[in-house]
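Remember, it's 1-based here, ligands and their atoms both numbered in the order they're listed. In this chain, residues are counted from 1 in sequence order.
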Amino acid sequence: MRVLVVGGGGREHAIVDALRRSGAEIFAAMANQNPGIRRASKDILLVNVTAVDDIVRWASAHRVELAVIGPEGPLEKGIVDALESAAIPTVGPSRAAAQLETNKEFTRELMRDQGIPGAPRFWAFDDLASFEKFVSASDFEFVIKPLGLTGGKGVRVWGDHFTTKEQALAYGKEILTEKIGGVARFLVEEKLVGEEFSLQAFCDGHTLAPMPLAQDHKRAYEGDKGPNTGGMGSYSDADHLLQFLTPKDFEGALETMHKTVAAMAARGTPFKGILYGGFMATKDGPRLLEFNVRFADPESMNVLPILEDDFVETCQRLTEGRLPASLRFARQATVCKYVVPMGYGSRPKAGEQLKVDEDSIRQSGAKLFYASVDEKAGHLYTTTSRSLAIVGIAANLEDAESISEEALAFVAGSFYARRDIGKPEVIQKKVERMRRIREGR
Ligand code: AMP
């Protein structure tokens, strides 16, 4: 099977790896030359991944039979509609269904109008005067979210990024005048308190097949400090749940996703692709922070390596509307740690050489997924984005974490990685914190 993969990050390397396990021939379209993807591909196209027409023409010329889209950018541009018009079945939502991610207000209104459980209270603003009125009357903490795509970096949370009403007003004004996220409009949501988790699912328009739960770490530094990033690493547990969650939390999150999928089908824009909910477990149950309409990065690297069902067949069934309601994943724990340039999150230092001992990493039992690196004369250098990811996989979290650390020792150079991700004592703290939140302490 000839498969197009769009995107050149760690997530897409994990997608390519899973496709190769089921015998696919890869045709990869990406902006950067990901060395892992390049080596696994029959052919590559170096292109801005939002250049939909160029990618579709190239895929057609290569007689591609299936496509998997990694990032949200091309989905927002309608790449799935274009590929399907060219008779290439695609794992990804139509432009209309991609609004679940690309238009936060659309999602909030859908949830409100269809009575879908799990949404926080929200308000939308496009003029400063009404925001000023809201702020002066409010007596609770809130979160400000630009509309449009900001790579998870435009959201500001009361207590983390600002602490006064004046600062809230200043940020609202900045969004309106500078059109942060591309539009002069933003959402305000009540601030939720709890632990975040990610639920990814395959979806064929009607049936949802969930993947193991995972937890990302968005903050740049250990102890969840520092600026928000695209994600520094993530872990998943052998039972596919997370220790700080109850089975009811998982069921609640899945119900939110099921009802959303049903509502999308009912309005004539069925959702086909990968639906990934970013949830906050709160004392009142799980609340949806955001939907994403693609695999998560890094959490895709936790779940794809342990998928036991044939990935190509799963993708085909998804595009044909015959997805089974459950898929098999190995009962293994995983810990993913991103290697990033020094200063990532604020002022990343590009151009530092990284030496990667791939054989030793493989022998340690870890998986290596490349992301953004520059390759010059056979040497690898950092860019301003995340460089590569190491994933430890084992029967329990403690061993998976040890393996990830063992493998990280085979990456040399000037880089940063969060060493705390997946450590048993760190997870224990989350369990205790969540217990206190549930007890209202
Ligand atoms: P989003 O892009 O909407 O997922 O937001 C990015 C990050 O901001 C999330 O991962 C949360 O850490 C935080 N966040 C977003 N919405 C809320 C909320 N309503 N309450 C508390 N934190 C939030």
Side-chain angles (χ1 to χ4, degrees), residues 71-73 75-76 98-112 117-125 134 138 140-163 168 171-172 175 180-183 185-200 213-221 223-235 242 244 253 256-257 260 275-299 338 345 418 421 430 433-434 437:
E72 59 277 24
L75 296 170
E76 187 181 34
Q99 285 188 93
L100 283 176
E101 172 167 0
T102 59
N103 185 344
K104 287 179 197 285
E105 197 175 3
F106 166 84
T107 301
R108 290 291 179 233
E109 286 177 355
L110 182 82
M111 292 180 78
R112 182 189 60 203
R121 286 188 297 155
F122 76 98
W123 301 262
F125 298 97
F134 169 88
S138 67
F140 57 90
E141 298 189 342
F142 54 82
V143 173
I144 302 175
K145 300 186 171 187
L147 285 163
L149 299 177
T150 57
K153 294 168 198 159
V155 174
R156 295 219 182 146
V157 179
W158 190 299
D160 291 341
H161 308 102
F162 64 95
T163 50
Y171 189 47
I175 297 173
I180 295 178
V183 258
R185 189 169 167 83
F186 58 94
L187 284 189
V188 169
E189 284 176 8
E190 62 177 318
K191 179 183 172 182
L192 301 167
V193 179
E195 279 292 327
E196 286 180 47
F197 64 97
S198 304
L199 175 53
Q200 304 170 81
L213 291 171
Q215 189 180 37
D216 182 19
H217 296 69
K218 283 209 174 10
R219 298 304 197 91
Y221 314 131
D224 292 327
K225 303 218 163 44
N228 267 337
T229 69
M232 297 294 293
S234 48
Y235 66 93
L242 292 164
F244 57 82
T256 296
M257 292 184 37
T260 301
L275 187 60
Y276 134 46
F279 288 91
M280 181 84 86
T282 74
K283 68 176 175 20
D284 306 312
R287 293 285 177 271
L288 182 86
L289 294 175
E290 63 167 354
F291 275 128
N292 298 281
V293 297
R294 40 154 178 110
F295 282 108
D297 190 351
E299 301 94 306
Y338 251 121
R418 270 187 65 171
I421 294 168
K430 293 175 192 283
R433 175 169 179 262
M434 201 58 225
I437 290 172

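- Residue Trp158 holds its CH2 atom at 9.5 Å from CZ of Phe140, rounded to the nearest 0.5 Å.
- In this structure, His217 and Tyr235 have tilted ring planes: the angle between them lies in the 30° to 60° band.
- When the options His161, Lys145, Glu190 are ranked by their closest heavy atom to atom 3 (O) of ligand 1, first place goes to Lys145.
- A donor-acceptor pair under 3.5 Å links the side-chain atoms of Arg418 to the main chain of Arg219, judged by distance alone.
- Taking CZ of Arg294 as the start and CG of Leu275 as the end, the distance is 11.0 Å to the nearest 0.5 Å.
- Considering backbone and side-chain atoms alike, Leu192 places an N or O below 3.5 Å from some N or O of ligand 1.
- Residue Lys191 has no nitrogen or oxygen atom sitting less than 3.5 Å from a nitrogen or oxygen atom of ligand 1, judged on distance alone.
- Looking at Val155 against ligand 1, only its side chain comes within 4.0 Å, counting heavy atoms.
- Atoms of ligand 1 lying under 4.0 Å from any heavy atom of Met280, numbered from 1 in the order shown and given with element: 21 (C), 22 (N).
- With a heavy-atom cut-off of 4.0 Å, Val143 touches ligand 1 through its side chain alone.
- Listed by atom number, the atoms of ligand 1 under 4.0 Å from Lys218 heavy atoms are 10 (O).
- Ring geometry for Phe142 against Phe162 counts as tilted: the plane angle lies between 30° and 60°, on a 0 to 90° scale.
- With values rounded to the nearest 0.5 angstrom, Glu101 atom CD is found 9.0 Å from Thr107 atom OG1.
- Within the structure, ligand 1 lacks Arg287 among the residues with a heavy atom less than 4.0 angstrom away.
- No donor-acceptor distance shorter than 3.5 angstrom exists from the side chain of Ser234 to the backbone of Gln215, with no hydrogens or angles considered.
- Across Leu289, Asn228, Asn292, heavy-atom proximity to atom 17 (C) of ligand 1 is greatest for Leu289.
- Close approach of ligand 1 to Glu189 (heavy-atom distance below 4.0 Å) involves ligand atoms 16 (N), 19 (N).
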